[in-house]
Amino acid sequence: MTVHKKVDVVTVGAGWTAAILAYLLTQEGYRVVSLEQGPARFATPDFEHNHDSLRYSIRKAMMVDLRDETWTWRPNPSRPSLPIRQYGSFHPGNGIGGAGIHWAAQTWRFYPSDFRYRSHHVERYGEDRLPEGSTVQDWPLTYEELEPYYTRMEYDIGISGRAGNLRGEIQPGGNPFEGERMHPYPLPPLVRSRAADMFSEATREFGYHPFPQPAAILSEAYRGVSGVERAGCLYCGFCTRFGCEADAKNSPVTDHIPAALQTGLYEIRTNCKVTDVEMDGDGLANGLNYVDQITGEEHFQPAEVVILSAFTLSNVRLMLLSRSAAHPDGLGNDRQMVGKNYTYQLNLTPSTGVFEGRRFNSYMGNSCLQDVIHDFNADNFDHSDLDFIGGASITCGGGENSPLLSALSLPVLDMATSGSAGDSDGNGNGGTRKRPPVAGEVGSLAGAGSEWGAAWKENLRRNWDSVVGIGIQGESLPYVDQFLDLDPNYKDSRGRPLLRVTFDFHDNDYKLYRFMAARTAEILRAMGPTRTYLTEELEPYDVHSYQSTHNTGGAIMGSDPGNSVTNKYGQVWDTPNVFVTGAALYPQNPGMNPTGPLMALAYFAGEALSQRYFRNPRELLV
Ligand SMILES: Cc1cc2nc3c(=O)[nH]c(=O)nc-3n(C[C@H](O)[C@H](O)[C@H](O)COP(=O)(O)OP(=O)(O)OC[C@H]3O[C@@H](n4cnc5c(N)ncnc54)[C@H](O)[C@@H]3O)c2cc1C
């Protein structure tokens, strides 16, 4: 075992949140080491000429190696779990930059009501409207508290978008429902696709409020915290599952990691897999144990502060694997809260249209080239007479290489019954459907009655670029029978238990989906397709088909140790020199991509660490 020199802070992984914290803490003179399980890679030259769809889109070159570690899944506690042996529902990242390299870069702020979820719904609709068995709760901080940190994140990297609510004034063309923001986006929105234009025209006819997707993709040249000016997007169409060759898609390696390295106080050790948090006799963390993935050698990195920044699933697993005399059930788990409030999302494409004779150039553009409506997201609409709570983003118009390639790689029958089967985390191309059409659904994408042979090929040739999907990204609530724990049977390549995911959709999800699917169908019809393919009802959760890597919860933040694992800074109640970052902190998951808020929370925690924690180390921050 090699024991390294003690540092101020050690992080698990070098993904989005680790990069932000490394940047903030090294600026203040703290020495930081990140232990990253995957390989080294930097924007240039590593992503130049990277248009290799087979390698990245299909073979998932940037994801965790499932031969080394995977997850098991079961729909509910009474069913057996099985390991996920091929990538499906979610795609956690691997290597410097984490999933922040190959993400789609749709970047949101959550709504003020999302932070008061339980209180808001009880006040407006009464306690009996909360779904049975759900464990929804308020966040321990407000939108207003987080607002300055959203702003800083948006300006540090350069977010493109149109403000909807600037200091209380509703802005034309933006999202009129958004929480009050103090500053506009630093960059104007990205260019528009034809499909997004058609969607906007149709939704305006219904009186809805379309707006351009806020994006961590530069619409114009911009200088972020690295000090290096980067050029705007080239609209090449290689975003999701690819590193951006133009450096226009923001990632941890575009700004924060280079800026941290410039200080000389930051080190990233790659191919280093953290196995557990080493605890002392008082129940505090001493540092991280890890294995060099190349040599197999064991190492120990002592640190004053340990940051679990390894993405939701790894964070929870590491906590449960880090048992000690003081915390026999795992780090942070003195009150049995670790693993609870695991949530996901309803990231699906209920309505797809074929517009025969029209071309959309959907193989180019980028992962954020879409318009969105939030008229049915969160509690932006009255639920008094509805049979569910919560909402969803409704989106249309993205353009990327991967949808086409995924569609072509599908078996013939799947192609006949699926939408454009790409999967870009909420761009109207997600959620491949598998069942055959039922009554009420019209035709197939390749053409009714032509699912095989020459006719199928001819229809695909004619219509491959004439397909537009309308997607939803629906919120996900926590339930008592939905959680993460260690699998009693399946182990990783080193013999340690895998993380078990127990998750399925609940009644509220089915009702929410039905309502949203009907809205997407109305909008699609107003866009004038020649054929439609509608999926009116939600099917049970399917771990095989990609939906999103928006896994949240499991180490949630809360107001006290009885209802949460950490305080609002991500500081673990029972181990105060350990901080958790990322979406594991979310008590429930709103109807938007999660990374904007988790970046803002990393800024919030980083400031508290550097300005207050180190003055009074090992004490809980208030
Ligand atoms: C295909 C895809 C598209 C996405 N699109 C969007 C989007 O459009 N908008 C959005 O908001 N979000 C999106 N996301 C989600 C987004 O990427 C994540 O929310 C974000 O990267 C999380 O940041 P993080 O710091 O928590 O984890 P990550 O950025 O994933 O970093 C975690 C790091 O920890 C490392 N690690 C894990 N375990 C260990 C270990 N035991 N030892 C050492 N290292 C370890 C990993 O290798 C990784 O580098 C997308 C994700 C995917 C996969």
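In this text the structure is predicted, and so the values were computed from the model without any measurement. Every number for a ligand or one of its atoms is a count from 1 in the order of the listing. Count residues from 1 along the sequence.
- Using modelled atom types and a 3.5 Å distance limit, the side chains of Y111 and N377 yield no donor-acceptor pair.
- The atoms of ligand 1 that sit less than 4.0 Å from any heavy atom of G95 are 47 (O), 49 (O).
- Using bins of under 30°, 30° to 60° and over 60° for the plane-to-plane angle, the ring pair F110/W139 lands in the perpendicular bin.
- Note on ligand 1: W108 sits outside its first shell, no heavy atom being nearer than 4.0 Å.
- Of all the atoms in ligand 1, the ones that sit under 4.0 Å from a non-hydrogen atom of S314 are 37 (C), 38 (N).
- Residue contacts with ligand 1 for Y87 are absent, since no atom lies close enough (heavy atoms, distance under 4.0 Å).
- Here is the list of ligand 1 atoms found below 4.0 Å of a heavy atom in A105: 7 (C), 8 (O).
- In this structure, P594 is part of the shell of residues with a heavy atom less than 4.0 angstrom from ligand 1.
- At a heavy-atom distance under 4.0 Å, atoms from both the backbone and the side chain of A104 approach ligand 1.
- Close approach to C272 involves these atoms of ligand 1, each under 4.0 Å from a residue heavy atom: 42 (N), 43 (C).
- Closest to atom 24 (P) of ligand 1 by heavy atom, among V580, T11, T17, is T17.
- Atom CZ of R496 has more than 12 neighbouring heavy atoms from other residues, nucleotides or ligands inside a 6.0 Å radius.
- The ring of Y56 has its center no closer than 6.0 angstrom to the ring center of F238.
- Residue contacts with ligand 1, taken as heavy atom pairs separated by less than 4.0 Å, involve L598 solely via side-chain atoms from C-beta onward.
- Atoms of ligand 1 found under 4.0 Å from any heavy atom of K273, numbered from 1 in the order shown, are 42 (N).
- Near T595, meaning under 4.0 Å from one of its heavy atoms, ligand 1 places the atoms 10 (C), 11 (O), 12 (N), 13 (C), 15 (C), 16 (C), 18 (C), 19 (O), 20 (C).
- A cation-pi geometry, defined here as NZ or CZ lying under 6.0 Å from the six-membered ring centre and within 45° of its normal, holds between R241 and Y546.
- Note: H4 and H299 have parallel aromatic rings, judged against thresholds of 30 and 60 degrees for the angle between ring planes.
- With hydrogens and angles left out, the side-chain atoms of Y586 and T312 include no donor and acceptor closer than 3.5 Å.
- If you number the atoms of ligand 1 from 1 as listed, the ones under 4.0 Å from a heavy atom of L35 come out as 43 (C), 44 (N).
- Note on ligand 1: P92 sits outside its first shell, no heavy atom being nearer than 4.0 Å.
- Within ligand 1, the atoms closer than 4.0 Å to a non-hydrogen atom of G93 are 46 (C), 47 (O), 48 (C), numbered from 1 in the order shown.
- The option with the heavy atom closest to atom 34 (O) of ligand 1, from among G13, S367, P597, is G13.
- At least one heavy atom of H550 sits closer than 4.0 Å to an atom of ligand 1.
- Inspection of the D68 and S493 side chains reveals an N or O donor paired with an N or O acceptor under 3.5 Å.
- The closest approach between a heavy atom of T107 and any atom of ligand 1 is not below 4.0 Å.
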